Amino acid sequence: MKGRQERMMKKGWSGAAALWFILPLFVLIVLKTDFLPQVARCLDRARWQQQTLDVAKLEDSVVGAPFSVSSSSDEMTVKVDAHKDSKQPNLFLTKSGSKDSSLINSADVSATKSNLRCNFSSTHMDTCAMEGDIRIHGRTGMVYVVASWAENGTAVIRPYPRKWEQATMERVREITIRSTEPGGRDGIIPLRCTVTRDTPAVVFSTGGYSVNFFHTMNDIIIPLYITAREYGGHVQLLAANYDPKWTAKYQHMLAALSMYPVVDLDTDAAVRCFPSARIGVESHKVLGINPALSRNGYTMVGFLGFLRSAYSLQRHETISRTRPRVVMVLRRKSRALTNEAEVIAAVKELGFDVVAAGPEDASDVARFASVVNSCDVMVGVHGAGLTNMVFLPHNGTVVQIIPWGGMKWPCWYDYGEPVPAMGLRYVEYEVTANETTLKDRYPQDHPVFTDPVSIHRQGFNHLWSTFLNGQNVTLDIHRFKGVMQRVYMSVAAP
Ligand SMILES: *[C@@H]1O[C@H](CO)[C@@H](O)[C@H](O)[C@H]1NC(C)=O
Ligand SMILES: *[C@@H]1O[C@H](CO)[C@@H](O)[C@H](O)[C@H]1NC(C)=O
Ligand SMILES: *[C@@H]1O[C@H](CO)[C@@H](O)[C@H](O)[C@H]1NC(C)=O
Ligand SMILES: *[C@@H]1O[C@H](CO)[C@@H](O)[C@H](O)[C@H]1NC(C)=O
Ligand SMILES: *[C@@H]1O[C@H](CO)[C@@H](O)[C@H](O)[C@H]1NC(C)=O
């Protein structure tokens, strides 16, 4: 609830809220330069405030250094090369500082060339990609990028793609990425590998609003798909703010992304070494993928296909049938249908098979995915449950019932706009002032009815408690039947 609240608060469909949305870009990458100490201090003091490094200055300061920096205004690439003349394998120091060749292992020897690229330009997320000798120590939240000659640099990332929501991000654990020589800076010594994999690593977080299915898909699973799918399962996922219940609940999707169990980064004492890693996951838009921003041209149609395979869902696309199936996603505490039974009866009368699904039915994801996939149409009042549309077969139809209160735009933004890119069709039913239980609480001439947008302007909490938490819906059966009749015509066999 809270997450939803804050999330919508920043969405800015009313003039006042728009300000929340436009947050300054914040460049975090820190290279070994003369002003590293300043930057480090900035980071400590105001990591999430409006700090911007002067990238031009940064570039000047590294001219002539034996590594390359290419940068746009907010993206940087650092290549770290080994000493060309160094033939020696790297030795790593133990904590006491003594050299010990017994500590050389395969990851150590590979530490000739490392490469770290961070991108802080997105409003959604910060990400770093790195290759070479990568060592991850979960418990301390440290990622070392080790090279035999490294510029000493630090970047800090909270691996959750809601960068514009400060309150959310504060709950997400920080991961520190340090590029360093085997000797390390400030006495920090890259630890000896205890687990070495030849697969890439992806670090993400389940620490935002993972309790809600919309956020699970939007903030975690779709971003993991964009970030980690390309490895075809040969990737180690590591979760900050690890939640065992969450990983159990969504095990099918996680297992389709990675053949290894997710590592609990928070308690992990191992030093896990990888040839490459991505810290932070990529997110482009609400329940969507921008194929142009995706390295592999991923699409939502492809993502839905991925889910069908993860859950072994049978129906890849709808076929016209005389009794098309509708799943009605029912809510209980707010935005509930007060005349649920009548609505279901009316939809049946039109010739649909109806599956009525309450929150309890949706809690077993695998089971519910197959229920949804057996249907051609999903109907529901605006809410996270509609996210289950991702399990519909291709060409399925989503009918969103929009509650009273000038909510057309925000509701469309979440569960309307993303629909066509999923290969699904979208139909909207906007309730009238006659179809809301708000009329039992407010007189007809109240601003709730005469000027609902004025309630939005009073701030998000008002909007939330009035229009999202504060109403149930009594559908006008005749009017709703009209809309569903047209849906029936479009999906049923003639
Ligand atoms: C950095 O991220 C932005 C926004 O997601 C993207 O437009 C840009 O292409 C990225 N830069 C690189 C080098 O990947
Ligand atoms: C990185 O830090 C270490 C220890 O402070 C130092 O010996 C080394 O020269 C530094 N590397 C570079 C490239 O400056
Ligand atoms: C709401 O109900 C009243 C009284 O039943 C009716 O006069 C009015 O036309 C209805 N308004 C809408 C938008 O359906
Ligand atoms: C909506 O209906 C549910 C279930 O009947 C009830 O518990 C809740 O209080 C109602 N909410 C409003 C705002 O009427
Ligand atoms: C989707 O459904 C519509 C209506 O049933 C039909 O006209 C269209 O051909 C279908 N498209 C696909 C790709 O199945």
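We count residues from 1, following the sequence as given. Indexing begins at 1, ligand by ligand and atom by atom, following the structure's order. Bear in mind the structure is a predicted one, so any value in this text is a computation, not a measurement.
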Sequence neighbours left out, what passes side-chain hydrogen bond (donor to acceptor under 3.5 Å, both in side chains) with Lys481? Give chain and number order.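 Applying side-chain hydrogen bond (donor to acceptor under 3.5 Å, both in side chains) to Lys481 gives Glu349.
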Under 4.0 Å to a heavy atom of Ser121 - the qualifying atoms of ligand 1, by number: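 Counting from 1, the qualifying ligand atoms are 1 (C), 2 (O), 3 (C), 4 (C).
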Taking the six-membered ring for Trp, are Phe214 and Tyr415 parallel (under 30°), tilted (30 to 60°) or perpendicular (over 60°)?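 The rings of Phe214 and Tyr415 stand perpendicular, inter-plane angle above 60°.
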Just say parallel, tilted or perpendicular for the rings of Phe303 and Tyr225, cut-offs at 30° and 60°.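 If you compare the ring of Phe303 with that of Tyr225, the planes turn out perpendicular.
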Anything under 3.5 Å between an N or O on ligand 4 and a protein N or O? List each pair with its distance, or write none.
{"residue": "ligand 4", "atom": "2 (O)", "partner": "Asn472", "partner atom": "ND2", "Å": "2.3"}
{"residue": "ligand 4", "atom": "11 (N)", "partner": "Asn472", "partner atom": "ND2", "Å": "3.0"}
{"residue": "ligand 4", "atom": "14 (O)", "partner": "Asn472", "partner atom": "ND2", "Å": "3.2"}

Give yes or no for whether the N/O distance cutoff of 3.5 Å, strictly under, is met between Ser122 and ligand 1.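 No, Ser122 has no N/O under 3.5 Å of an N/O on ligand 1.
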Any pair with a residue in residues 279-303 that passes salt bridge (charged side-chain N to carboxylate O under 4.0 Å, His left out), sequence neighbours left out, goes on the list, sorted by first then second residue, please.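 Every salt bridge (charged side-chain N to carboxylate O under 4.0 Å, His left out) pair that includes a residue of residues 279-303, provided the two are not neighbours, is Glu230-Arg295, Glu282-Arg295, Lys285-Glu417.
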Short N-O contact, Glu340 and Arg331, less than 4.0 angstrom: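 Judged by the 4.0 Å cut-off on N to carboxylate O distance, Glu340 and Arg331 do not form a salt bridge.
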Between Arg158 and Asp126, does at least one N-O distance fall below 4.0 Å, as a salt bridge requires?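 The answer is no: the pair does not qualify as a salt bridge.
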Please list, one pair per line, the donor and acceptor atoms closer than 3.5 Å that link side chains of residues 398-407 to other protein atoms, with sequence neighbours excluded.
{"residue": "Gln400", "atom": "OE1", "partner": "His382", "partner atom": "ND1", "Å": "2.8"}
{"residue": "Gln400", "atom": "NE2", "partner": "Cys411", "partner atom": "O", "Å": "3.1"}
{"residue": "Gln400", "atom": "NE2", "partner": "Tyr426", "partner atom": "OH", "Å": "2.7"}
{"residue": "Trp404", "atom": "NE1", "partner": "Val448", "partner atom": "O", "Å": "2.8"}

